[in-house]
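Structure record follows, encoded as structure tokens.
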Amino acid sequence: MSYWDKEKECMSRSDLEKLQLRRLKETVFRLYAFVPAYQQKMDEAGIKPDDIKSLDDLKKLPFTTKNDLRDNYPFGLFALPMSEVVRVHSSSGTTGKPTVVGYSKKDIDTWAELMARALTSAGASRLSVIQNAYGYGLFTGGLGVHYGAEKLGASVIPTSGGNTKRQIMLMQDFGTTVLTCTPSYALLMYEVMEEMGVSSSDLKLKAGIFGAEPWSENMRREIEKKLGINAFDIYGLSEIIGPGVAIECYCRKGLHIAEDHFIAEIIDPETGEVLPEGAFGELVITTITKEALPIIRYRTRDLTVLNKNVCECGRTHVRMEKVLGRSDDMVIIRGVNVFPSMVEHVLLNIPGVEPYYLLVVDRKGNLDQLEVQVEVSESVFSDEIRKLEELGAKITKELESALGVSVKVRLVEPKSIERSEGKAKRVIDRRNI
Ligand code: DLL
């Protein structure tokens with residue numbers, strides 16, 4: 001069984017659209033019939049399932065937001081009775097009640113297949129030894145990757161996150177060839193490897209499949225250099241299914257969204273208007289094969305660009321650019337939008353800077369202030385004050401010219417910024433406190 005599924009992944013656009021329309025209609029009918037909250041939303045929007053006659057009609061349907069899931073907490077948006085739900089997960093939200101998502105037996109199979117496809121797209125095979133250091137539990141990362149890797153027939157090492165020294169020992173002893181975790185955890189692994197005196201040449205690692213948080217191209221280069229691997233970006237979110245919604249292929253020119261299961265749109269996050277292909281905006285996703293929790297036009301809050309050109313790899317599925325960031329993580333400093341990934345990209349071009357940073361936003365009087373805390377390398381830190389000052393001035397200049405806003409740079413000691421075994425926290429906003 002091959003998970004390089006050319007029939008589905010290289011389908012012509014017209015066949016793909018026919019398939020999407022058929023599946024969309026089924027999904028909308030089921031939601032209207034079985035989920036009172038959706039019926040109400042559609043009635044309010046003045047639209048009936050029969051009104052969906054073309055893919056273009058999708059835009060008539062109302063959006064779904066995280067609030068809809070919260071308002072119907074925990075299982076109110078499920079389209080199947082709990083007797084048909086075999087698994088629940090929840091999103092990694094830190095405040096309030098989590099958003100809860102459910103899966104039927106078939107949903108779990110679909111997800112495993114999508115993940116097997118995603119791992120294949122990043123070059124993994126049944127010969128791979130996959131160390132899965134995404135957290136197992138309510139978070140979708142661990143079990144999502146796990147089921148896909150097993151379906152692929154690879155050997156899975158389910159380490160989950162944490163216990164980094166043991167991760168490295170196992171990586172050496174078990175001959176791990178593929179590492180799956182967040183990009184920030186991959187960096188921490190390297191740091192611990194250094195402490196343990198383990199170099200990338202002591203490992204068999206060939207590839208990393210990293211996601212669950214935004215990471216810049218320069219971060220990719222940094223990780224690839226440090227671990228001596230190829231790093232692939234994987235995207236997903238629990239509300240839609242989990243990891244495996246989109247993945248890079250070997251061309252690494254965007255992440256293919258599995259369009260036989262999802263329909264992607266880009267909207268203007270302010271007005272909700274659908275934007276043309278190539279425009280930068282908020283990604284909106286509709287599931288068209290999910291059974292337990294079908295979702296129409298979910299506002300992901302993730303900002304990106306779509307490209308429908310056929311990829312060099314042969315896949316026809318639309319590609320999304322690396323996510324620049326979540327609109328929730330965007331800080332607006334005196335009217336200028338700043339994303340942590342933009343700061344990261346600039347910092348990692350500067351020698352002497354370590355890939356650890358934090359944006360601290362505060363308000364002095366009526367003025368917003370952005371402080372960027374930047375970790376410097378051991379050698380730089382022990383240098384003369386004058387050199388540190390020069391480095392600080394250089395970082396300030398480059399950040400200010402890239403972001404278009406004034407920035408206060410604070411150089412901090414090596415290893416003083418908190419490390420992450422999962423999703424890194426990049427922003428502290430003190431303005432609301
Ligand atoms: O993070 C699912 C996942 C697990 C994806 C493992 C990839 C790997 P949630 O916890 O629901 O699900 O968080 C979803 O994380 O809306 C994005 O803001 C962010 N995110 C996920 N993947 C990427 C990525 C999982 N590759 C939220 N680049 C999403 C940027 C990402 N952001």
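Keep in mind that the numbers below use all heavy atoms, side chains included, and drop hydrogens, waters and symmetry copies. Just so it is clear, the model here is predicted, and its values are computed rather than measured. Whatever order the structure lists them in is the order used to number ligands and atoms, beginning at 1.
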For [X] and [Y], test the side chains for any donor-to-acceptor distance below 3.5 angstrom and give the result as yes or no.
| X | Y | answer |
| --- | --- | --- |
| T99 | S91 | yes |
| Y38 | T64 | yes |
| T110 | D107 | no |
| T164 | Y185 | yes |
| R166 | T159 | no |

Within-cut-off N or O pair, [X] and ligand 1, under 3.5 Å:
| X | result |
| --- | --- |
| W215 | no |
| G141 | no |
| F139 | no |
| Y134 | no |

With heavy-atom distances below 4.0 Å as the criterion, list the atoms of ligand 1 near [X].
| X | value |
| --- | --- |
| Y235 | 22 (N), 23 (C), 24 (C), 26 (N), 31 (C) |
| G211 | 7 (C), 8 (C), 26 (N) |
| T140 | 2 (C), 12 (O) |

Mode of [X] contact toward ligand 1 - side chain, backbone, both, neither (heavy atoms, under 4.0 Å):
| X | result |
| --- | --- |
| F210 | neither |
| E213 | backbone |
| V323 | side chain |

Nearest-option assignment for atom 11 (O) of ligand 1, heavy atoms, candidates G144, P98, S238 |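 The option holding the nearest heavy atom is S238.
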Taking atom OH of Y147 as the centre, does the number of heavy atoms from other residues, nucleotides or ligands within less than 6.0 Å exceed 12?
-> no
State if K423 counts as touching ligand 1 under the rule of any non-hydrogen atom under 4.0 Å.
->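 Per 4.0 Å heavy-atom rule, K423 contacts ligand 1.
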What pairs meet the ring pair (Phe, Tyr, Trp, His ring centres under 6.0 Å) rule with one or both residues in residues 212-268, with sequence neighbours excluded?
->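 Sorted pair list: F210-W215.
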For E282, the option from E265, R301, E270 that meets side chain to side chain contact (heavy atoms under 4.5 Å, CB included) = R301
